[in-house]
Amino acid sequence: MNEINHLLDIIRNKKSALHQKDFLLTWEQSRDELEQVLYLAEALKQMRAGNIDTRVFNNGLGISLFRDNSTRTRFSYASALDLLGLTQQDLDEGKSQIAHGETVRETANMISFCAEAIGIRDDMYLGAGNAYMREVGEALDEGYKEGVLPQRPAIVNLQCDIDHPTQAMADLAWLKEHFGSLENLKGKKIAMTWAYSPSYGKPLSVPQGIIGLMTRFGMDVTLAHPEGYNLLPEVLDVAKNNASASGGSFRQVASMEEAFQGADIVYPKSWAPWQIMQQRTELLRQNDHAGLKSLEQTCLAENARHKNWHCTEEMMARTKNGSALYMHCLPADITGVSCQHGEVEASVFERYRIPTYKEASWKPWIIAAMILARKFENPAEILAGRVKAAVPRIYK
Ligand SMILES: CC(=O)N[C@@H](CCCN)C(=O)O
Ligand SMILES: NC(=O)OP(=O)(O)O
């Protein structure tokens with residue numbers, strides 16, 4: 001209990017305007033706001049462990065819209081809604097009236113009469129996903145202002161084309177847990193590198209999320225990828241500016257070997273080539289399904305030219321004392337396990353499998369924290385009320 005109260009005190013001292021804006025990109029939030037979410041996640045996790053009711057809502061919907069597959073984020077979002085007392089309702093666009101001319105602003109209002117949160121994953125098309133979330137947000141603002149909606153639902157970015165903030169924040173929570181404090185992350189070397197995948201053309205948002213967030217905490221961030229796998233130039237600028245403001249650094253190198261050299265943390269994962277992402281966006285606009293399918297094949301063929309971007313034991317041996325922390329957003333393409341030849345060698349993955357599960361396990365708490373911070377001006381007081389109301393257990 002003392003520990004929870006200590007966390008609530010930390011949260012009280014963070015200056016936050018998160019109750020007035022959606023958390024769509026980590027770099028749009030102040031350092032205090034990021035920390036507010038991080039500490040709220042810790043407090044919620046401890047409250048549940050102590051069997052303290054965290055249902056701050058008596059009722060209400062939490063809507064989900066997944067335009068791409070998901071295991072972790074989908075169940076983490078459902079868990080977060082349950083923790084807060086909300087009921088999940090999935091928006092199945094195929095079953096809605098969207099195909100019959102219903103506009104985004106109309107759908108956004110029609111689903112939200114009793115909604116407190118809307119979680120959206122829309123990550124495959126450059127320039128589309130984040131923009132869609134903002135369009136929904138504007139429709140909700142109007143509905144609330146005009147008295148259609150009695151409340152403004154929080155929008156939760158469950159991965160867009162630019163950032164995967166629930167992932168990057170869960171990764172940060174895991175690093176804080178692993179290294180003991182945010183202070184301890186200063187000067188740590190993290191290698192965000194491309195790795196070969198045979199599965200499909202993955203979004204750019206995970207590597208962008210990592211370089212955009214870890215540069216906020218004084219880390220030395222290295223990005224590496226084969227030619228043609230560039231990230232969005234504006235996100236590279238964000239990473240550079242963050243690094244100079246936080247006393248960390250950001251550099252780009254041309255090989256996994258170089259990025260792994262002396263690294264404390266490595267994050268090897270695949271993403272699609274930039275050109276493919278741009279063509280995919282065009283084909284989506286034209287609704288060209290056959291074109292999208294054949295482009296996917298082109299993407300996989302291009303990936304196959306870089307099979308040497310493989311997180312092997314030899315590669316790991318280059319890291320600091322040969323024992324860098326391996327991270328992955330999951331699912332990883334594991335050579336000989338989930339595919340013939342993938343991102344990571346089986347023995348490396350197996351050694352870090354449980355740590356990657358712990359990394360992922362922060363996600364429900366981070367999502368619940370984001371919703372709390374958006375819905376309440378003083379979320380620490382709201383949780384303090386739950387702590388006070390908790391009935392002590394009779395026996396232990
Ligand atoms: C949609 C998708 O596969 N996404 C992600 C996030 C991590 C989960 N795999 C990716 O690989 O970038
Ligand atoms: N890491 C991650 O976002 O996983 P899912 O795609 O399963 O949600």
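Numbering of ligands and ligand atoms starts at 1, following listing order.
Using a 4.5 Å heavy-atom cutoff, the side chains of Ile118 and Ile111 are in contact.
Under 4.0 angstrom from ligand 2, the non-hydrogen atoms of Leu330 all belong to its backbone. With a 4.0 Å cut-off on non-hydrogen atoms, Lys363 touches ligand 2 through its side chain and not its backbone.
A distance of 11.0 Å separates CZ of Arg72 from OG1 of Thr166, quoted to the nearest 0.5 Å.
Checking only distances, Pro331 never comes within under 3.5 Å of ligand 2, N or O to N or O. Where the criterion is an N or O separation shorter than 3.5 Å, residue side chain and backbone included, Gln159 fails it with respect to ligand 2.
Residues Phe57 and Phe376 bring their aromatic ring centres within 6.0 Å.
Side-chain N/O atoms of Thr335 and Glu345 include no donor and acceptor closer than 3.5 Å. No donor-acceptor contact under 3.5 angstrom links the side chains of His310 and Asn308, judged on distance only.
Close approach of ligand 2 to Thr71 (heavy-atom distance below 4.0 Å) involves ligand atoms 5 (P), 7 (O), 8 (O). When each atom of ligand 2 is checked for a heavy atom of His164 under 4.0 Å away, the hits are 2 (C), 3 (O). Close approach to Gln167 involves these atoms of ligand 2, each under 4.0 Å from a residue heavy atom: 1 (N), 2 (C), 3 (O).
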